[in-house]
Number of protein chains: 2
Amino acid sequence: MIRNTRQRAAVNAVFDELEGFHSAQEVHARMRAAGDTIGLSTVYRAVQALVDDGELDSIRTDAGEAIYRRCSARHHHHLVCRACGRTEEVEGPTVERWADRVAGEHGFVDVKHTLEIFGTCAACHATAAPTPVDGPARQG
Amino acid sequence: MIRNTRQRAAVNAVFDELEGFHSAQEVHARMRAAGDTIGLSTVYRAVQALVDDGELDSIRTDAGEAIYRRCSARHHHHLVCRACGRTEEVEGPTVERWADRVAGEHGFVDVKHTLEIFGTCAACHATAAPTPVDGPARQG
DNA sequence: GGGGCATGTGAGAACTGTTGTCGACTGACC
DNA sequence: GGTCAGTCGACAACAGTTCTCACATGCCCC
């Protein structure tokens, strides 16, 4: 039996309010700052449950930290500003087809792929800013 | 001044011998097993230096561990078997163009992207095997 | 070839993000 | 309201990585 608890709903609500990707630690800190007494373990559990339910998408930063974002259910990719963390969902049927075809040509089955695009958004390009979300160590 | 040390050359040599992706810990264990007295810190330093030099490519597993592989210099992506860790380099000019175009349409500049394809290779598909290299938590 | 010194090394501590543990709590079903 | 499995929260434990610091050594200059 899966319960609807106050804590889980609260974590869910936080992602409703937030734009872009945020780490579990960040969500925890934000909730504690807002007066919520939720534990860090609970935030991790709630976030993972939401990922399992398909409510959130998770990616890993270059630093190895998992970050999360409320996403649409359909398959898509992310265009992430490495300066402000702003995220756009983008769809690429071309890429899906290409990935499936290439995998098939090499005899691979049960294929999934990860694709994230990192760049500097127009707004941040004008004003140099710090780097909350790291891009890839190397193009690959 | 960057020195040519025995240790750095040894780490480099290990990747010459290895196929597929391997973690720093794994390389360290392998070198120790071979009688080398290299320290773990040194392996991390050497590996990062090689990544900086473009000699190695690094990606993160879903578990957050950084894994490395000797790669060709040109831009490419990886097709990784999640059962045996076998890796194929694949090139996708279609994808490169798509990523640049999409980023451009959203006003993003200085764009880089990560793309990894995870699947089960033909050989492993026949024989169920354990999972040394995790795929993505969710397609994205 | 030898001296000097900046750079690299290695062992282990420290740090960070994440997961596991355990007693207490609580929401759903009766 | 009673029962009990699922959940909570504090904290310990864990894994991967980075930092520290005393010591070693490769390279430049003579």
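In what follows, every chain begins at residue 1, and chains take the letters A, B, ... in the order their sequences are listed. As the structure is a computational prediction, the values presented were derived from the model and not from experiment.
- Among residues two or more places apart in sequence or in another chain, the salt bridge (Lys or Arg N to Asp or Glu O under 4.0 Å) test is passed with Arg45(A) by none.
- Checking Asp57(B), Ile59(B), Thr87(B) one by one against Ile67(B), the side chain to side chain contact (heavy atoms under 4.5 Å, CB included) holds for a single residue, Ile59(B).
- Put simply, CZ on Arg60(A) and CZ on Arg60(B) are 8.0 Å apart, with the number rounded to the nearest 0.5 Å.
- The distance from atom CZ of Arg8(A) to atom P of dT26(C) is 16 Å, rounded to the nearest whole Å.
- Phosphate contact (OP1/OP2 of dG20(C), side-chain N/O of Arg45(A), threshold under 4.0 Å): absent.
- Judged by closest nucleotide on DNA chain D, Ala46(A) is the one of Gln48(B) and Ala46(A) placed further toward the 5' end.
- Two residues are said to be in side-chain contact when any heavy atoms from C-beta on lie closer than 4.5 Å; Val27(A) and Met31(A) meet this criterion.
- Here Tyr44(A) does not reach the OP1 or OP2 of dT19(C): none of its side-chain N or O atoms lies under 4.0 Å away.
- Helix-axis bend for the helix from dG1(C)-dC30(D) to dC30(C)-dG1(D): the local axis fitted to the five terminal pairs at one end deviates from that at the other end by 40°, rounded to 10°.
- Using modelled atom types and a 3.5 Å distance limit, the side chains of Glu96(B) and His77(B) yield a donor-acceptor pair.
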Please determine whether side-chain contact (heavy atoms from CB on, under 4.5 Å) holds for the pair Ile117(B) and Trp98(A), giving the CA-CA distance in whole Å, both sets of side-chain angles, and the decisive distance to 0.1 Å. CA-CA 11 Å; Ile117(B) 309 175; Trp98(A) 174 84; 3.9 Å; yes
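- Taking atom CG of Asp62(A) as the reference point, atom P of dT17(D) lies 11 Å away to the nearest angstrom.
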For a quick check, with a 4.0 angstrom heavy-atom cut-off, what is the B/S/- contact string for nucleotides 22-30 of chain D, read 5' to 3'? ---BBS---
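- Counting only N and O atoms by type, the side chains of Glu65(A) and Ser23(A) include a donor and acceptor under 3.5 Å apart.
- The structure places CZ of Phe108(B) at 4.0 Å from CG of Leu79(A), a figure rounded to the nearest 0.5 Å.
- For Asp100(B), the salt bridge (Lys or Arg N to Asp or Glu O under 4.0 Å) test picks out no residue, with sequence neighbours left out.
- We find the CG-OG distance between Asp52(B) and Ser58(B) to be 9.5 Å, quoted to the nearest 0.5 Å.
- Contact detail for Val90(B) and His106(A): the closest heavy-atom pair is CG1-CE1, 3.7 Å.
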Produce the list of close N/O pairs, under 3.5 Å, pairing protein atoms with atoms of nucleotides 11-15 of chain D; give distances to one decimal.
residue : atom : partner  : partner atom : Å
dC11(D) : N4   : Ser41(A) : OG           : 2.7

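- For DNA chain C, the residues of residues 26-37 of chain B within the heavy-atom distance limit of 4.0 Å (strictly under) are Arg32(B), Thr37(B), sorted by number.
- Here Glu88(A) contributes atom CD and Glu105(B) contributes atom CD; the two are 11.0 Å apart, rounded to the nearest 0.5 Å.
- Taking every heavy atom of both residues into account, Leu56(B) and Val47(B) meet most closely at CD1-O, 4.2 Å.
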